[in-house]
Structures are given as C-alpha cells and as structure tokens.
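Heads up: the structure comes next, in structure tokens.
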Amino acid sequence: MTIEEKEVSRSKGSSKGLKYTPRANHVSGAKSSQVTVSAGSALNQKNEKKERSLLEYKRFYFFSALVFPLLLLSDLVPRLTASVKERFAFITYLPLTFQIAALASLSIAGYFLNKVGKPYFRFAWNCFILPLITKKPNGLGSNEHQNRLEQFYQGQADIYDVTRRRLLRGRNTMLKLCAAQLRQIYPVQFATNYISGIFISKYYMKYKIMSLDTQEKVSHSNDQSYSSPPLSPSFFDNSEKRYAWIDVGGGTGENIERMNQFFPIQNFDRVYLVDITPSLCEVARKRFERLGWTNVKVLCMDAEKLEIPKEDGDLEIALITMSYSLSMIESFFGIIDRIQTVLSPNGIFGVSDFYVAHKRSNDHSRNMSWIMRWFWSIWFDIDNIYLHPCRRDYLEHKFSTVKSLSCRNPFMRPFIKIPYYVWVGAQKDTLLIDSFSLDGASNKPTENDSESVDSDGEENEEDGESNGVLVSDLPFNDVVFDSKSNHVTTDHVHGQGYRWRQPFDASLIPRFNTYIYAFAWEDPKVDLDFMNLKPTDKMLTITSGGCNILEYAVQVGPARIHAVDLNPCQNNMLELKMAGISTLQYQEFWRLFGEGSPTNFATLLDTHLSPALSPHAYQFWNQNSKFKNFHKTGCSGLAIRVFDFAISVLRLRGAVERMCNCDTIKEQVKIWREEVRPHILSKWLIRLLNNDRFLWGALGVPPAQMQMLLEEGSAHEYVVNTMDPIVEKTSLKDENYFYYLCLLSKYAPNNCPAYLSEHGFDLLKRNPERLDAIKIHTNTIISVLENEVSDGELDHIILMDHLDWFSNEDADAEISMTARKVAKGGKAYWRSAGKYPWYNEIFEKRGFRVYPLQIRDTGNMYIDRVNMYASFWAGEKL
C-alpha cells in the first residue's frame, strides 16, 4: 500500500470525513486568517460579529437617565438651604462642563470595573473570602479531595484562564523546554513557524502531496484549515509506535493549547488531560470541541489511578506535565510513583509550581528568608495549596533533572514576588535510546558528565517570535545516571547539554554574577602564527570570551582543547556560542553574536538553545536574557556603553562611523587625527576613567597589572601608544574586528572572528567533533592541570596575561604545575602589561627556555590587532 493510500485509508477509518476547523489566534498566524481566540474565551470571527439590538443597552440608558437629575441636584440643592449651601458651596462654583466631565469619567470607570474587573472580583471572592466562610470537606479520600477542589473552582471555572495568567508564571517556559527536549528524541512531522504561526508538515514537503501553489497558500491563505484528528508521527514514519502526552491536573486545557505553538499537537497520537475537578474538565471539553482536536481526551479522574483507555491501544508516553497541580495534591507520593511507571524511558516530565525552600539549601537560588518561608506556606494553605519543600525533593529524588529554575513572580511590583520553579526531568534508569533519532545526528561519544545547581531568574511570559523551528544535531547515547549529582550526564538520552561542560563546585556561582569579557581581547591570528598548531595537538587555554578557542577549532581543530576559567559566567559565554553553532541556522546565529540583537533571545534560548546547554549555563542565560545588544553585556559591555555615551555627548557619532567605514587607511588616519583623537585621547577623559573601579569593572585590569603598566609610563602615554598604531597600521573596516566591535557595537560580515563567518560556522556545524574536542572547566588552572591532565600531555598552554595578577608564590605554583604537564618540546605562551615581566625568571627556573615573541617598544609600537599588551612571550619545555 502506498503512502497516499494509507492516508486515505486512515481518514476513512477514523471518521466519516475529515473535519476542518479554523486556526486560533493563540497559535501565531491567526491575524492573517482574521480569527481571534483568547485562551478561556469564546471563538470570535471578525466576519461573523453578532449584531446587537439597541434595546439591549438598557444599563447604558438607565445610567444616562440618572446623569441629568444628578447635575440638576448638584446645582439647585445648595441654593435651597443655607446649611447645605455652605457645605457644598464648592460645587456651585464648578463649571457645568467640568461636572459633566467628572460624571462621565466616573461612568466610564464604573463600566470598565464592571466589564474588565468583574472576573478579578470573582477571583478574589472565591480565593480569599469564600474559603474563610464556607465549610470545607475534611475527609482524606479521593472523593473528599475532589469535593474540596470542586467547591473551590466551581464558581470561577469559566474565568480561570483570564485570572491566572499573571499568577501562574513559568508555564510557557516549562512547555518550551519540554518541546525542545522532545524534538531531540521524537519524530517531528509538524513544525511551527513562530512568525506566521503556520504548521508545516514534513510529510507533505517530502512526498509533495501538496502542489507548490497549495504550499504557498498554507503560508498566505486567510482560511487555511487542517484535518482533525491529525495524522500521527508513527504514520509518516511507517512505524507501529504511537506517542502520547498526559497533562496531569490540566484544568481547563490552556496548557495544551499553549503547547500547540511550540510542539504542535498533531505530533501526538493522543493527548490526555487528567483532572479531578468536574467544572474545570467541562471547560476543557468545550475548548477542545471548539478547536476540533479530537485526538485530545479529557479524563475526569484521580491521576494516581490513571489508566490509558484500552480502546486507544498501546501508546508510548513521551511527555507528562504538571502545571501548578503537584502542590494541590495532598498525597503526592503515589502520583509521582505512578508517573515514574507510566513515563517512557525516553520521555520527558515537566513541572511548574509554587515552592518554599528548606531553611538551608546547597542551591543558593532557592534560599529565602524565614518570614517568606512562613508567609507563603500559610497563605497558600488557606486554599489547600501545600508548598512544603519535600514535594520538590521527592520529585528530584525519583527523576533525573534535565533543567531547573527557581524564580520569583513579580505579581505586584515591587512588593509581592511569589516564588515558583520550573523543572524538567527524565527517567533515571540505564536504558538505550530507540531508533528515533534525528537525521544526521552524531553518535560520537563524549567524555563529559556534570552536576548542576539552579539559578534564579524571572520568567518572560510573553510568547516570543522566532524564525522557525530548527532541530539541533546533538548526540545521544546510552543512558547513564550520575548518582553524585542527580542530573543527567553526557550519555543520558536527554543529556546533550553536557557535551562540553565539566563538573565544578557550585559554591563558585554566588561569587560571580557576570562575565568580564563577552569577546576575547587577544589576537588569535598572532597565536596561530607562532604556535604552529596541528590537528593532533592537545592544548589548554583560559576561556575568556571563548572567541579564540573557537578560532583554533575553525582554523586547525586540535585533538583536545581544555578551556579553563574560574568564573562560571565566562564558561557560560563559551557554552552559549557552542550551543548556537550546534542548534541554530547561520542567520539566527549571526543576529545573536554578529549583530548582537536577536529577535527574541528568551524564546530562542528555550526553544532552540536549551537542549545543548548545561543547567548552569541555561539558568544563567535565562536570568540574563533581557538585553538589547549582546555586545553591551558584562563588564566589557560596560566599557562599550561608556564609550558610546562619550561619543554621543561629544557628538562624534558620525565621525566614528565614517572612520570605521573608510576604504583606505589614509582616510581613516585623517578622520582619527582631525576629528576623533583630540576628544578620545584627551588627558581629562583618560584621567577620569583611570580609577581602579572602572579599570577592573569594565576593562578587567586589576590593580597589580595596572601597576606594571604604569612602570612603563603614564596611563595617557600607554593609551596613545596603543591607539595610534592601531589606526595607522590596520583597516578598521576590513581587518580589525576588535575595535570595529567596540566602536560600532557589532561585527561586519567581512570583518569578524572566523567562527562568525559563514564558512567557519558551516565548518564547525559539519564537523561536530571539533566542538566535542573542547572540555570546559570551571576551576583554577592548577586544579585542572593536576586532576584532568596527565603528565607531559599538553603540547601548548596559553596563559594569556593572568600571571600579571599573581603573587610570587601563586605564580611559582602554577608555573611548576605547567612544567609537569607540558611535553618535552611543548610550549607555554603568555602576554603581559610589562615589557619584561618579573615571572620570566620563574619559567627559566622550572625548565623552560624563555624568549620574546613580540615587545612593544620604540620603533615598533604595533604588535597585533589589539595592541593592548606590552609584550608576548613563549617558553619551550626543555
């Protein structure tokens, strides 16, 4: 039987005919089809508005009839009696027009309070007042629990969605994370275009059942509709496997409608909404009848007793979600145990809910004051919501954590911030992934496993836009659970985020709240010229902004690169860039790291980047996702913002842009000397910025290194000797992307690091082993060398300039360890703010032949495209 015949047979067997239903506004793209749907509201078709009779506006007529008598009384009554006149004299002096305006304003306010505020009045009544004056069922059985919930929700079921959107944060994030993880494992036949909201079937594109004209109509027609029930993924893949999603405590079904944006419901053979509350289930049934989703079933039952209906046959439970329902289940052990037995070995379990923390926690993001722990527990207990931390603990005990967030919902800024968490997990057991892998996915094993700690952040609840669903090419292998951390490891089905990140001490996280460098500030071209790097070499370098590490991977692709940084945020930066290469298309990657202005980074992070990020990195970027320009973030971003402010105040914007776009160096030098240099290199400006706070907080220059710099001359002389040769020797437009970025806050396509070029991006994309050769360590260099590197293993070690910061003892300890780990004939490289750094002598004592590669001196003030350091040295191991 051909595929077309299968489709016809399926459609005939499933129903008398295929049902076609209008698209919803909640699924982006509804504007073009003139359909608007708000979750929890009625379906409104603009072309089918019901005409209201004038006789139906009785309340308006009645209120208007009262206005004129009130105006008359306000003017006449004070004239009748002296006492009233004296008391209300101010009214008689008010102009009649003012009185009319005041009454009109009151009427408008009353109207909106009645129409818009009515659901919230009902919400307040049912949540805060009614529970205090109504006798509640107090039994422990399932029926009593159902009666309590029904008593609570029956008066507000129809307004549940409207009144909970600001209160129940984290649902979108949880759904997007689940969708991103599902796309790594399960076949995705229907993908969502986030801008147009149109579903695109891979099946149709592959077998060309739709003509090109028809496909074009899918993107542009105003009345395009889709069959219901949808064809299952297993049908397209000629597989007998069928997939299902269970939304436990799904209430009114809004989560399922939301999920349709991120992972279309058409990808599931069955979706079950399980809830014990009849009134909410009734709302959900009406919702899915309206949407025409006949593959969605509403089961009004106790989730602990959940059984898949026999008539649905064998199903693999690919996804289970609980959105603000775990905290409402009194006996939660049974339901979590039941979910563990039902969930597929490759499945995903997502939870979003309120929480309170233990008095002491290893996870700093969960910590809260004693009064907050007490207050939120008592407050929610009134409505039979239980926030004891044991619920989250048991969840993390039974399942392996994939992603976790602890956040605060600014429900009423700035006073009320409700704690909530988002958690995504998977089965712990050692299992093999099935054959449903993505096309082109690499099966190359990696060596990384990790443990994680959460980081708090604020949820961006608005549904962002992206350019489409891009499925990542990530490796997945045998499932191995790391009992030490309770987080998935590299080889776990859902553990792709640990391809590169190594375990580290989570207590480092509170010490660093941001990164110093968003981009590297050492010229990798010079490094490669002197290193003679080969594909078989093994090297260690400081992470910094990560650009140079990716440059080495593009230009050579060494067998191993150990990226080391004590600041977790710097390693988060490198992880983000590597995840972008692995999961994004080049246009999206360029907008983020080239132009620095992605369309919606928060959405891109959840839907595309999250599966490739470790929990540490994901939590950090979730917390720091609200930026306008990526290059203006971190400490280096502060320096760019200060410079940007200075050129704006000095009105040099036009001159700087012309200088950065000159075709010849001669024109560039002329603009620099005549228009820009007199202001930028003025002594007063340099003196203003020459303070320890700015030097360390914006430029990453500690006091010890600044002292070395001053021994070579004044700060003004140092800046002049840095900037003048840059402008005179390099083209800012075509060659020097370091200063082009600082001056214009973006890269140019022909003037950027190699990994940002389309060629470099494609090279790393096609050869993921070059990225997999990178191991990211969050620790000191000494610790990594001692614990992660064998004696004599390294061919190259790049220490950058950080030895300038050290004491004599610390420098000796690190250089001694370096001497142990570098092979005979291997080399160490370092830069310095001094021409002849004091620690050269230590290298010689530890068995290195030390020699200069570059020294910035009279007659040769230009040494590389950064030109910020006074010297560049190498030491060969004897």
Side-chain angles (χ1 to χ4, degrees), residues 170-186 245 259 262-263 317-323 326 336 339-340 343-353 363 365-366 392-407 421-431 433 438 446 448-455 457 471-472 474-501 503 506 572 575 579 582-583 605-622:
R171 293 180 292 172
N172 271 9
T173 296
M174 183 265 289
L175 293 173
K176 284 185 281 189
L177 291 176
C178 289
Q181 292 297 143
L182 286 172
R183 283 195 293 270
Q184 313 309 307
I185 306 299
Y186 292 96
W245 166 24
M259 184 61 152
F262 315 124
F263 195 84
I317 308 302
L319 174 65
I320 298 178
T321 54
M322 296 184 74
S323 175
L326 181 60
I336 294 178
I339 288 174
Q340 187 183 37
L343 183 64
S344 163
N346 299 330
I348 277 292
F349 183 20
V351 179
S352 60
D353 214 328
D363 181 359
S365 68
R366 301 189 190 188
R392 190 174 180 183
D393 290 345
Y394 191 64
L395 185 71
E396 294 174 338
H397 169 71
K398 298 294 286 186
F399 293 90
S400 191
T401 299
V402 177
K403 294 288 184 293
S404 181
L405 291 172
S406 298
C407 312
Y421 70 95
V422 175
W423 178 89
V424 176
Q427 294 280 21
K428 280 185 175 182
D429 300 333
T430 302
L431 301 156
I433 186 170
L438 302 174
T446 56
N448 309 346
D449 59 355
S450 181
E451 61 183 3
S452 175
V453 62
D454 303 335
S455 175
V471 182
S472 61
L474 299 176
F476 26 73
N477 308 287
D478 297 353
V479 182
V480 179
F481 173 66
D482 181 8
S483 59
K484 178 182 177 182
S485 66
N486 192 40
H487 286 77
V488 293
T489 61
T490 307
D491 296 327
H492 192 282
V493 170
H494 291 284
Q496 299 94 326
Y498 289 96
R499 290 170 69 180
W500 315 297
R501 195 66 173 262
N572 295 339
E575 259 200 89
S582 298
T583 63
L605 177 68
D606 291 338
T607 58
H608 293 66
L609 297 167
S610 61
L613 291 173
S614 68
H616 304 285
Y618 172 74
Q619 291 151 13
F620 175 81
W621 290 114
N622 177 274

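Residue numbers start at 1 and run along the sequence shown. Here the structure is a predicted model, which is why all the values come from computation and not from measurement.
Taking CG of Leu343 as the start and CZ of Phe349 as the end, the distance is 8.0 Å to the nearest 0.5 Å. With values rounded to the nearest 0.5 angstrom, Glu396 atom CD is found 9.5 Å from Lys428 atom NZ. Within the model, atoms CD of Glu575 and CG of Leu609 stand 11.0 Å from one another, a figure rounded to the nearest 0.5 Å. Put simply, CD on Gln340 and NE2 on His397 are 8.5 Å apart, with the number rounded to the nearest 0.5 Å. Lys403 contributes atom NZ, which lies 11.5 Å from atom CG of Asn622 (distance to the nearest 0.5 angstrom). The distance from atom CG of Asn172 to atom CG of Leu177, rounded to the nearest 0.5 Å, is 10.5 Å.
Scanning all heavy atoms of the two residues, the minimum distance from Cys407 to Leu405 falls at SG-CB, 3.8 Å. Taking every heavy atom of both residues into account, Leu182 and Met259 meet most closely at CD1-CE, 4.3 Å. Taking each heavy atom of Ala612 and Trp500 in turn, the nearest pair found is O-CZ3, 3.4 Å.
Between the side chains of Ser365 and Gln619, not a single donor N or O lies within less than 3.5 Å of an accepting N or O.
Looking at Trp423 and Leu326, their side chains never come closer than 4.5 Å, going by heavy atoms from C-beta outward. Looking at heavy atoms from C-beta onward, Val351 lies in side-chain contact with Tyr421 at the 4.5 angstrom threshold.
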request  = Evaluate the side chain to side chain contact (heavy atoms under 4.5 Å, CB included) criterion for residues Met322 and Ile339: first the C-alpha distance (whole Å), next the side-chain angles of each, then the deciding distance (0.1 Å), finally the verdict.
outcome  = CA-CA 10 Å; Met322 296 184 74; Ile339 288 174; 3.7 Å; yes
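Trp245 meets the side-chain hydrogen bond (donor to acceptor under 3.5 Å, both in side chains) test with Thr321; sequence neighbours excluded.
Arg501 places no side-chain N or O within 3.5 Å of a backbone atom of Pro615 that could act as its donor or acceptor partner. Within the 3.5 Å criterion, the main-chain N or O of Phe620 finds no donor-acceptor partner in the side chain of Asn572.
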